Amino acid sequence: MTAPSLALLPSPLLGPAVWQPVADVLTDNGWQTVTCAAPTRLGTGQDVLDAFLAALPTDRNLVLVPHSNAGAYVPALMQHRPVVAAIFVDADLPPARGRVPLAPPAFLDLLRDKADGKGLLPMWSNWWDEAETAALFPDTDTRARVEREQHRLPLSYFEGSLPVPAGWDERPGAYLAFGDTYGRERDEAERRHWPVSTLPGQHLHLLNDPAQVSAKLVDLMSRLGISQSAG
């Protein structure tokens with residue numbers, strides 16, 4: 001069997017530029033990749049799901065690799081595409097069944113304070129103090145590329161949720177964390193007996209050290225029994 005393609009899923013707040021350096025390294029090392037993107041105009045989780053489905057092939061096996069908020073879409077995508085595994089990268093980790101919120105309740109309070117009179121949020125990189133944001137990027141050119149793809153989402157998007165079909169997490173899964181920001185999700189992955197790794201870094205570490213992130217993804221796939229010679 002041929003190796004599966006890696007489907008790199010960025011947060012709907014960002015765009016494929018956050019995954020491009022990792023995609024380049026993986027491609028140079030013989031892996032097939034597909035980088036998805038959310039629609040430029042969206043209001044609901046269904047809009048994002050439809051865009052991801054439109055970008056994902058139906059004729060080959062896939063390993064889903066979501067970053068950040070894209071993790072919420074994994075169970076629904078598994079219902080419609082030939083997914084053999086998922087590796088969550090500093091990402092939301094849905095429950096085993098029920099529904100997954102597109103923002104935790106405590107975080108919603110912060111977002112409500114940021115929405116304008118029309119209910120629109122600023123671009124993601126403007127949610128934080130400038131010094132904190134600047135530290136996420138390796139250089140100003142990379143930041144500019146990422147910011148060109150950012151979307152202003154409505155607050156109502158984060159007030160929504162997605163259904164989680166029971167049994168989705170019976171397929172192989174793994175978790176890669178950058179530091180401790182997603183420590184709760186990483187701990188939950190360990191409780192599910194998934195392979196788990198942590199790289200020191202911040203939320204956009206995939207931009208700062210794509211070679212290291214790519215190597216860790218390959219290592220986690222190996223621990224899941226996935227190699228370039230067999231899917």
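Because only heavy atoms are used, hydrogens play no part in the values below, and waters and symmetry mates are left out as well, while side chains stay in. Residues take their numbers from the sequence shown, with the count starting at 1. As the structure is a computational prediction, the values presented were derived from the model and not from experiment.
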### Task
If a pair satisfies salt bridge (charged side-chain N to carboxylate O under 4.0 Å, His left out) and one of its residues is in residues 81-108, list it, with sequence neighbours excluded.
none

### Query
Under the side chain to side chain donor-acceptor pair (under 3.5 Å) test, which residues partner Asp180, sequence neighbours left out?
Arg186

### Query
Is any side-chain heavy atom of Tyr157 less than 4.5 Å from a side-chain heavy atom of Thr44?
no

### Query
Under 6.0 Å from the CZ atom of Arg184, do we count more than 12 heavy atoms belonging to anything else shown?
no

### Query
When rounded to the nearest 0.5 angstrom, what is the spacing between CG in Leu64 and CG in Leu56?
6.5 Å

### Task
State which residues pass salt bridge (charged side-chain N to carboxylate O under 4.0 Å, His left out) with Arg152; sequence neighbours excluded, sorted by chain then number.
Asp116

### Query
Does the side chain of Trp168 reach to within under 4.5 Å of the side chain of Pro94, using non-hydrogen atoms?
yes

### Message
Quick check for you: to the nearest 0.5 Å, what is the distance between Arg145 atom CZ and Thr140 atom OG1?
### Response
9.5 Å

### Query
If every non-hydrogen atom of Pro16 is compared with every non-hydrogen atom of Pro10, which pair is closest and at what distance?
N-CG, 4.0 Å

### Task
Quick one: which residue pairs count as a side chain to side chain donor-acceptor pair (under 3.5 Å) with a foot in residues 127-138, not counting sequence neighbours?
Glu130-Arg143

### Summary
Heavy atoms of Gly45 and Leu102 approach each other most closely as CA-CD1, 4.1 Å

#### Entry: Heavy-atom check, side chain of Leu217 versus side chain of Trp31, under 4.5 Å
no

### Query
Got a donor-acceptor contact below 3.5 angstrom from the Asn126 side chain to the Pro122 backbone?
no

#### Entry: Residue pairs, two or more places apart or on separate chains, that pass ring-ring contact (aromatic ring centres under 6.0 Å, His included) and touch residues 170-200
Phe88-Trp194, Phe178-His205, Tyr182-His203

### Query
Do the non-hydrogen side-chain atoms of Ile87 and Leu224 ever get within less than 4.5 Å of each other?
yes

### Query
Could you state the interatomic distance from CG (Leu62) to CG (Leu77), rounded to the nearest 0.5 Å?
9.5 Å

### Which residues share a salt bridge (charged side-chain N to carboxylate O under 4.0 Å, His left out) with Asp209, sequence neighbours left out
none

### Message
Any heavy-atom pair between the side chains of Arg171 and Met78 that's under 4.5 Å?
### Response
yes

### Task
Could you walk me through whether Ser222 and Asp219 pass side-chain hydrogen bond (donor to acceptor under 3.5 Å, both in side chains), step by step?
CA-CA 5 Å; Ser222 176; Asp219 173 67; 5.6 Å; no

### Task
With the side chain counted from C-beta on, respond yes when Gln79 and Pro165 share a heavy-atom pair under 4.5 Å apart, and no when they do not.
yes

#### Entry: For Pro195 against Leu220, the heavy-atom pair lying closest together
CB-CD2, 3.9 Å

### Message
Once side-chain contact (heavy atoms from CB on, under 4.5 Å) is applied, do any residues pair with Val25, and if so which ones, sequence neighbours excluded?
### Response
Asn29, Pro210, Ser214

### Query
Mind checking whether Val34 and Pro57 have side chains closer than 4.5 Å, heavy atoms only?
yes

### Query
Of all residues at least two apart in sequence or in a different chain, which pass the side chain to side chain donor-acceptor pair (under 3.5 Å) check with Asp113?
none

### Message
Please check: side-chain N/O of Gln150 versus main-chain N/O of Ser125, any donor-acceptor pairing under 3.5 Å?
### Response
yes

### Message
For Arg41, give me all partners under side-chain contact (heavy atoms from CB on, under 4.5 Å), at least two apart in sequence or on another chain.
### Response
none

#### Entry: Minimum side-chain heavy-atom gap Leu14-Leu204 below 4.5 Å
yes

## Note on the structure
Those residues at least two apart in sequence (or on a different chain) that pass side chain to side chain donor-acceptor pair (under 3.5 Å) with Arg223 are Ser197

### Query
Which pairs, with at least one residue in residues 3-23 and sequence neighbours excluded, count as a side chain to side chain donor-acceptor pair (under 3.5 Å)?
Ser5-Gln32, Ser5-Arg60, Gln20-Asp24

### Message
Once rounded to the nearest 0.5 Å, what's the spacing between atom CG of Asp50 and atom NE2 of His80?
### Response
9.0 Å

### Task
Under the side chain to side chain donor-acceptor pair (under 3.5 Å) rule, collect the residues that match up with Thr33, sequence neighbours excluded.
none

